[in-house]
Visitor: 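I have a structure I would like to understand better, so I am pasting it below and will then ask my questions one at a time.
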Amino acid sequence: MKTCKGIILALCLMLLTACGMGGSKTVVEEKGTDDGAGGGGTLTVPLTNFDTLNPLLTQNRSYFHLSHLLFDRLFEYEGSGRLVPSLAEHVETSDEGRRVSVTLRKGIYWQDGTPITTKDVAATFLAVKHAPADSPYSRLFHRTPGIGAGTDLDTVAKAVIFDDRNIDFEFNQSYGNYPELLSFPILPAHIYSEEAMLDAENFAVVGSGPFLLKKWEKNKKIYLEKNPNYHGNLPYIDGIVGLILSDNKAIQQAYDAGQIDLFVVDDYTWDRYKSDEKSAVEPYETQRVEVLSMNTQDPLLSDPDLRRALDLAINKERIIDSLYLSQGTMANFFVNPKLSAGTFAKEESYLSVDGAMDMLDRAGYKDVDGDGFREGKNGEALNLTILTNGVNHRLKTEAQLVSEDLKKIGIRSRVKDAADTASEEGQKKTEPEADLFARALQSGNYQLAVVGMDFSAVVNLSSVLSSGGIGGMNISRYSNPAMDEALQKLAHAQEEGERKEATDAAYKIFRNDVPYIPLVFKQNVLVTGPRVKGRMRPNAFNVFNGIDDVTLAGKDRAKTAEK
């Protein structure tokens, strides 16, 4: 029977890796379940190779997701993108948002039976602040508006312990994304010193999640077993085996061969599993948005009227239907409305070819010579180039569809690979095309470009829209003092109503200036095999969300493992 003592946790950030634990060797045979669905059994999942088990340092996305089954956090992500308390029983802010007071839940223990206390939280928070700059949680701090790269994080925040359950986080200013900054996995202070918490090579996992690490065979497999003392919803399954594979292609082949029970598809080859009676597919939203970036400092594209007309002309539904098998969310801003936790709800489409043509006519863009294409306001040639990363065939096709849409309103454009641009400028192609593409975007050596952008759950709009972000993620080189002011308010807003108001203000300015044309938010798909019974609820922040409701049908695969 399923026991329930609380809440299962999950969270998102970035990536992960791995490192091993020693131990004596005994042979353990994991026996199967009965033919029908029921408790017990071992789920086999895919991973790509990782080189550290330390969740504070990992750079591997697959292990990042798996680590949610090993470690608890103060906050977890719901599927809607809302951060909700997990180990935190009560949270409140004071001192104009600069102080965050947290009370921990009762009766939560490390796997060795030691209670989790605020000492663990404070020690881990200190380690996060002192972690290398490229570690995921350190990057999250440094990408927060108001915390620049290179900032000493000890000057940004500190933890103050009151007792075993009550702790305050004192920040130097209010941060709207404070739950995200406190979303780190908590490590046991009675086991690790700060140095050990930041050790990538000799990190022995001691956790408090629904599963415990049993063994890790580096470059081969990782074995987890159910934690019988877990405080949340105890899973039905007994264990998980993570099979380490070389890449996504090998993962898909392993699934087709019946070697793993599930996998995530982040491209659009998943359609064949939709009609496969042996498989179930569960799409979920992501914060990866594909956009048409416009260099607002280019002489032609500096005109907002032209940019607004281009926005009206692009048929986003056609892009989603033809390139995404209708499994994408139309974008009109950098915030996915389905993951905004209610702070942004606008999902309207602005397609209007007639409206675009009328706007161009009124702005003075006419077909002077009668060749079917418009000239500039002063009769000059109006030829646009859409830059692409030639090795990304989907984005290149997306650029071609955009070019076809622009032709319908009399705008001549051509699609050009970054490598071709370098050759035309007399540069030798000594770098990968992706690097040439990135350099062109950051230097402003382009007019239009189709680009994919990844955001964390709490979208940092300042990174792409702030005047101070030019040369970084603000590849449109956009600058507007009114937008800067709106973004500043958003960065400090903590209440949902305040965040919604600030987001709407930024969106209104964005719609008027159109420095980018967001096209589509990608959806990923979790494909599960015939042994998996029960519906998992994956999200971009935790692929294993809902694993506590899964049972396994049929005989378990025979597994003999060294423990």
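These numbers were taken from a predicted model, which means no experiment stands behind them.
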Visitor: Is it true that the side chains of Thr144 and Asn177 contain a donor and an acceptor less than 3.5 Å apart?
Guide: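 Short answer, yes.
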Visitor: Using modelled atom types and a 3.5 Å cut-off, is there a donor and acceptor pairing between side-chain atoms of Glu285 and backbone atoms of Lys338?
Guide: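 No: the side chain of Glu285 does not pair with the backbone of Lys338.
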Visitor: Is it the case that the side chain of Tyr192 and the backbone of Ala204 share a donor-acceptor pair, with hydrogens and angles ignored and the cut-off at 3.5 Å?
Guide: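 Yes: the side chain of Tyr192 pairs with the backbone of Ala204.
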Visitor: Is a donor from one side chain sitting under 3.5 angstrom from an acceptor on the other, for Ser413 and Ser403?
Guide: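 The answer is yes; a qualifying pair exists.
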Visitor: For Lys522, does its backbone N or O pair with a side-chain atom of Thr286 as donor and acceptor, under 3.5 Å?
Guide: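 Yes, because the side chain of Thr286 sits within donor-acceptor range (under 3.5 Å) of the backbone of Lys522.
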Visitor: Please examine the side chains of Thr124 and Met197, heavy atoms only from C-beta on, and report whether any two atoms are closer than 4.5 Å.
Guide: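 Answer yes - side chains close enough.
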Visitor: Could you tell me the separation between the CD1 atom of Ile237 and the CD atom of Glu225, rounded to the nearest 0.5 Å?
Guide: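 Nearest 0.5 Å value for the CD1-CD distance: 12.5 Å.
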Visitor: Looking at CG of Leu395 and CG of Leu387, how far apart are the two atoms once the value is rounded to the nearest 0.5 Å?
Guide: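 Rounded to the nearest 0.5 Å, the CG-CG separation comes out at 11.5 Å.
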Visitor: Does Asn227 use its side chain to pair, donor to acceptor, with the backbone of Leu212 at less than 3.5 Å?
Guide: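 Side chain of Asn227 to backbone of Leu212, a donor-acceptor pair under 3.5 Å: no, none is there.
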Visitor: Using the rule side chain to side chain contact (heavy atoms under 4.5 Å, CB included), only one of Asp417, Val391, Asn389 pairs with Lys396; which is it?
Guide: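 By the side chain to side chain contact (heavy atoms under 4.5 Å, CB included) criterion, Lys396 pairs with just one of Asp417, Val391, Asn389: Asp417.
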Visitor: Answer whether the closest heavy-atom distance between the side chains of Leu83 and Tyr178 falls below 4.5 Å.
Guide: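 Result no, sub-4.5 Å side-chain heavy-atom pair not found.
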Visitor: Taking side chain as C-beta onward, heavy atoms only, is Leu74 less than 4.5 Å from Leu104?
Guide: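 When only atoms from C-beta onward are counted, Leu104 and Leu74 do touch, with a gap below 4.5 Å.
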Visitor: State whether the side chain of Gln252 and the backbone N or O of Val265 hold a donor-acceptor pair below 3.5 Å, judged by distance alone.
Guide: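 Checking the backbone N and O of Val265 against the side chain of Gln252, no donor-acceptor pair under 3.5 Å is found.
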Visitor: Within the distance-only criterion (no hydrogens, no angle test), does the side chain of Lys533 pair as donor or acceptor with the backbone N or O of Pro530 below 3.5 angstrom?
Guide: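 Yes, Lys533 side chain to Pro530 backbone: donor-acceptor pair under 3.5 Å.
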Visitor: Counting only N and O atoms by type, is there a donor-acceptor contact under 3.5 Å from the side chain of Ser62 to the main-chain atoms of Thr48?
Guide: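 Judged by distance alone, yes, a pair lies under 3.5 Å.
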Visitor: For the backbone of Asn315 and the side chain of Asp405, can you confirm whether one donor and one acceptor N or O come within less than 3.5 Å of each other?
Guide: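 Such a contact is found between Asp405 side chain and Asn315 backbone.
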Visitor: Between atom OG of Ser86 and atom CG of Leu182, what is the distance when rounded to the nearest 0.5 Å?
Guide: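 The OG atom of Ser86 sits 13.0 Å away from the CG atom of Leu182.
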Visitor: Would you name the heavy atoms of Ala331 and Val520 that are closest together and state the gap between them?
Guide: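 Minimum heavy-atom contact is CB-N, 3.7 Å.
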Visitor: Less than 4.5 Å apart, side chain to side chain, heavy atoms only: is that true for Leu262 and Leu43?
Guide: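 Yes, their side chains come closer than 4.5 Å.
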Visitor: Do Asn392 and Phe437 touch side chain to side chain, with heavy atoms closer than 4.5 Å?
Guide: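 Answer no - side chains too far apart.
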Visitor: My understanding is that only residues two or more places apart in sequence, or in another chain, count here; which of them pass salt bridge (charged side-chain N to carboxylate O under 4.0 Å, His left out) with Lys500?
Guide: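 Here the qualifying residues are Asp504.
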Visitor: Do Thr528 and Val550 make a side-chain contact, defined as non-hydrogen atoms from C-beta onward lying under 4.5 Å apart?
Guide: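 Heavy-atom side-chain distance check fails, nothing below 4.5 Å.
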Visitor: Are Tyr137 and Phe184 an aromatic pair, judged by ring center distance below 6.0 Å?
Guide: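 Centroid separation for Phe184 and Tyr137: 6.0 Å or greater.
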Visitor: For residues Val205 and Gln111, report the shortest heavy-atom separation together with the two atoms involved.
Guide: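 Val205 and Gln111 have their closest heavy atoms at O-OE1, 4.1 Å.
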Visitor: Would the distance check show the side chain of Ser279 and the main-chain N or O of Asp276 forming a donor-acceptor pair, the cut-off being under 3.5 Å?
Guide: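 No.
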Visitor: What heavy-atom pair brings Arg394 and Leu323 nearest, and what distance separates the two atoms?
Guide: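 Heavy atoms only, the tightest pair is O-CD1, 3.9 Å.
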Visitor: Dump the intermediate steps for ring-ring contact (aromatic ring centres under 6.0 Å, His included) on Phe263 and Tyr255, then the final yes or no.
Guide: CA-CA 7 Å; Phe263 76 113; Tyr255 177 83; 5.0 Å; yes
Visitor: Walk me through it: do Arg61 and Asp266 pass the test salt bridge (charged side-chain N to carboxylate O under 4.0 Å, His left out)?
Guide: CA-CA 13 Å; Arg61 187 178 296 274; Asp266 62 2; over 6 Å; no
Visitor: Where do Arg318 and Asp321 land on the salt bridge (charged side-chain N to carboxylate O under 4.0 Å, His left out) test, with the steps shown first?
Guide: CA-CA 5 Å; Arg318 181 172 73 131; Asp321 289 344; over 6 Å; no
Visitor: Take Tyr516 and Met453, measure what side chain to side chain contact (heavy atoms under 4.5 Å, CB included) needs, and give me the verdict at the end.
Guide: CA-CA 12 Å; Tyr516 305 85; Met453 294 182 172; 4.0 Å; yes
Visitor: Any donor-acceptor pair under 3.5 Å linking the side-chain atoms of Asn54 with those of Tyr63?
Guide: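 Asn54 and Tyr63 do not have a side-chain donor-acceptor pair below 3.5 Å.
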Visitor: Checking Asp238 now: which residues fulfil salt bridge (charged side-chain N to carboxylate O under 4.0 Å, His left out) with it, not counting sequence neighbours?
Guide: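 For Asp238, the residues satisfying salt bridge (charged side-chain N to carboxylate O under 4.0 Å, His left out) (neighbours in sequence not counted) are Lys226.
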